[in-house]
Amino acid sequence: MKKVSFIIPVYNCGNCLKNMVSAVEMMELEQFEIILVDDGSVDDSGIICDQLAECFKNIRVIHQENQGVSSARNRGIEMADGELILFLDADDTIESVKLQQMIHIMECNDTLDLLIYGLSFDYYYHGQCYRRDEMVYPMTGIMPADMWQNELFQMYLHNSLSSSCTKIFRKAIIINNHIRFNGEMFLYEDFEFVIRYLSCCDAIYNSEEIVYYYHQQEDEGNAKRRLKRIDYLTELVNQIEVVLQEMEVKMDFSEKVKKETDAILLHFYLVLAREKIAVSDKQQIKQICQDMSSWLNSRPASFLDSLSDKDRNYVDMIMYNRVGKLAADYRYTAMRHKLAVRVKNMAFYKRLKKK
């Protein structure tokens, strides 16, 4: 059986690290290792890593100065002995039995270059999960190259491409193609890594099983801080466009498949714009509108064909610089969201739900 390497970046997450490690140790794998990369934690996470290594012989610990999650994962790649590599985040959770089954599929089929499984995006408020969004491409089985290439856009819409934590990679592909996480990116570095890896794949396997549970805290403080650090969204979009274009050339995409990557890029920019507008004042929203309008004006009119009517209306607001409407639209959505959270956490709602 092939040795499996689980790479877990650790930064100030001592209160939940043991749960993730225990979930991995529960799997009945013949050969595996857990690589904990303590990325300059300032709480007791580093000590907990060392304690776990004393309890479990298959745990290795790396301590480094704080350099970010990309650096931590890259360090883990360099240290990994496994033929299969999985990236896990310390504050999330996994279904141990299901993940073991996914690993078994990869171990038993050397023709598979990548395996993708489902994600549950869990929203938390005061420690309670109040909402779950299951994100999975609705198909289970082997996808030859021509099949997944034609389904790229749909896979993106189902969030199957965005996270490195919902996949099983082959180390040989990572090493032989010099694929690493981009340390200069502090948003969507997973997405960029996955696209570059996928560019080197032939057959992949997709599973509809929900295996990974991502924990999103209510305040979303870290995500908001990272969004505010981005001055020009176009610069981030251009980084993703580069790897998509490299994929097109490397895989010799047909014109039809190239439209799939165009649709991904457009929707990616739209997601970024919505997220950035949510943390911006009116002057910043005006800049977002100007940047995206300039970017869209350099594209053919058919570039917008993949948009739904709702998304097209939103793009029109951006193109016509309707700053007040965009700000009001976000405030209305945020107000509804907060109201829904409070209602779902009220005692009478919980009682009704149990009936």
Side-chain angles (χ1 to χ4, degrees), residues 70 87 111-116 135-139 141-164 166-170 172-185 187-206 230 232-273 291-308 311-312 315:
S70 292
F87 300 101
T111 65
L112 297 176
D113 294 326
L114 176 70
L115 187 144
I116 304 173
M135 301 177 181
V136 58
Y137 177 70
M139 180 269 181
I142 296 175
M143 302 178 71
D146 59 343
M147 181 178 180
W148 64 255
Q149 289 172 14
N150 281 284
E151 292 298 310
L152 267 177
F153 180 49
Q154 288 302 314
M155 292 174 72
Y156 169 79
L157 290 181
H158 287 87
N159 208 45
S160 294
L161 306 179
S162 302
S163 174
S164 63
T166 59
K167 295 165 183 66
I168 303 176
F169 302 91
R170 292 202 183 274
I173 292 178
I174 294 175
I175 298 300
N176 294 340
N177 294 280
H178 310 288
I179 303 170
R180 297 292 187 275
F181 288 89
N182 187 340
E184 296 181 359
M185 296 179 69
L187 270 178
Y188 295 99
E189 64 278 1
D190 281 36
F191 185 35
E192 198 251 12
F193 179 91
V194 169
I195 292 298
R196 286 196 288 123
Y197 183 94
L198 197 54
S199 300
C200 306
C201 293
D202 188 3
I204 68 174
Y205 188 96
N206 188 81
I230 301 176
Y232 300 103
L233 297 183
T234 302
E235 291 181 359
L236 177 54
V237 174
N238 287 344
Q239 287 179 297
I240 299 301
E241 183 170 22
V242 167
V243 294
L244 286 172
Q245 288 178 342
E246 289 175 353
M247 173 186 269
E248 290 179 1
V249 173
K250 192 170 186 177
M251 309 294 286
D252 193 22
F253 282 172
S254 66
E255 290 303 315
K256 179 180 181 299
V257 177
K258 286 180 181 178
K259 289 182 179 180
E260 295 282 305
T261 58
D262 286 345
I264 289 173
L265 194 65
L266 172 59
H267 282 254
F268 176 67
Y269 203 141
L270 188 56
V271 167
L272 274 179
D291 291 344
M292 189 170 187
S293 295
S294 176
W295 185 81
L296 285 171
N297 285 332
S298 68
R299 314 277 161 163
S302 60
F303 196 74
L304 300 177
D305 289 350
S306 64
L307 292 177
S308 65
D311 286 342
R312 184 59 185 263
V315 168

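Worth saying up front: this structure is predicted, and the values here are computed from it rather than measured.
- None of Tyr156, Phe153, Tyr188 except one satisfies the ring pair (Phe, Tyr, Trp, His ring centres under 6.0 Å) rule with Phe268; the exception is Tyr188.
- With hydrogens and angles disregarded, no donor-acceptor distance shorter than 3.5 Å links the side chain of Trp148 to the backbone of Tyr205.
- Taking CG from Leu152 and CE from Met147, the interatomic distance works out to 12.0 Å, rounded to the nearest 0.5 Å.
- Residues Leu307 and Leu270 are in side-chain contact: their nearest non-hydrogen atoms beyond the backbone lie under 4.5 Å apart.
- Leu233 contributes atom CG, which lies 8.5 Å from atom CE of Met292 (distance to the nearest 0.5 angstrom).
- Between Tyr269 and Thr234, the side chains place a donor N or O and an acceptor N or O closer than 3.5 Å (distance only, hydrogens not considered).
- For the atom pair Met135 CE and Ser163 OG, the distance stands at 10.5 Å (nearest 0.5 Å).
- Counting only distance, with no hydrogens or angles, the side chain of Arg170 and the backbone of Leu112 share a donor-acceptor pair below 3.5 Å.
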Leu304 and Leu296: CA distance, side-chain angles, deciding distance, side chain to side chain contact (heavy atoms under 4.5 Å, CB included) verdict: CA-CA 9 Å; Leu304 300 177; Leu296 285 171; 3.9 Å; yes

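- No side-chain heavy atom of Glu189 sits less than 4.5 Å from a side-chain heavy atom of Glu192.
- Side-chain atoms of Ser162 and Asn159 form a donor-acceptor pair, as typed in the model, at a separation below 3.5 Å.
- A donor-acceptor distance shorter than 3.5 angstrom exists from the side chain of Asp113 to the backbone of Asp202, with no hydrogens or angles considered.
- Distance check, rounded to the nearest 0.5 Å: SG of Cys200 to CD1 of Ile195 gives 11.5 Å.
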Quick one: do Met155 and His158 satisfy side chain to side chain contact (heavy atoms under 4.5 Å, CB included)? Show the steps, please. CA-CA 5 Å; Met155 292 174 72; His158 287 87; 6.0 Å; no

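- Side chains of Ser199 and Glu246: no donor on one and acceptor on the other come within 3.5 Å.
- Two residues are said to be in side-chain contact when any heavy atoms from C-beta on lie closer than 4.5 Å; Phe191 and Ser164 fail this criterion.
- Taking CD from Glu235 and CE from Met185, the interatomic distance works out to 11.5 Å, rounded to the nearest 0.5 Å.
- Taking all atoms of both residues into account, the shortest heavy-atom contact from Ile116 to Ser160 is CG2-O, 3.8 Å.
- Annotation: side chain of Asn206 is not in contact with side chain of Glu151 (no heavy-atom distance under 4.5 Å).
- Heavy atoms only, all atoms of each residue included: Gly183 and Ser70 are closest at CA-CB, 3.9 Å.
- The shortest distance between side-chain heavy atoms of Met251 and Gln149 falls below 4.5 Å.
- Salt bridge annotation for Glu248-Lys259: absent, with no cationic side-chain nitrogen under 4.0 angstrom from a carboxylate oxygen.
- Here the closest non-hydrogen pair linking Asn182 and Gln239 is ND2-NE2, 3.9 Å.
- Under the 4.5 Å side-chain criterion, counting only non-hydrogen atoms from C-beta, Leu265 is in contact with Val237.
- Atom CH2 of Trp295 and atom CG of Leu266 lie 5.5 Å apart (nearest 0.5 Å).
- Under the 4.5 Å side-chain criterion, counting only non-hydrogen atoms from C-beta, Leu198 is in contact with Met247.
- Gln154 and Tyr137 share no side-chain donor-acceptor pair at under 3.5 Å.
- Put simply, the side chain of Ile204 does not reach to within 4.5 Å of the side chain of Leu115, judged on heavy atoms.
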Ser294 and Asp291: side chain to side chain contact (heavy atoms under 4.5 Å, CB included), yes or no, with the steps? CA-CA 5 Å; Ser294 176; Asp291 291 344; 5.9 Å; no

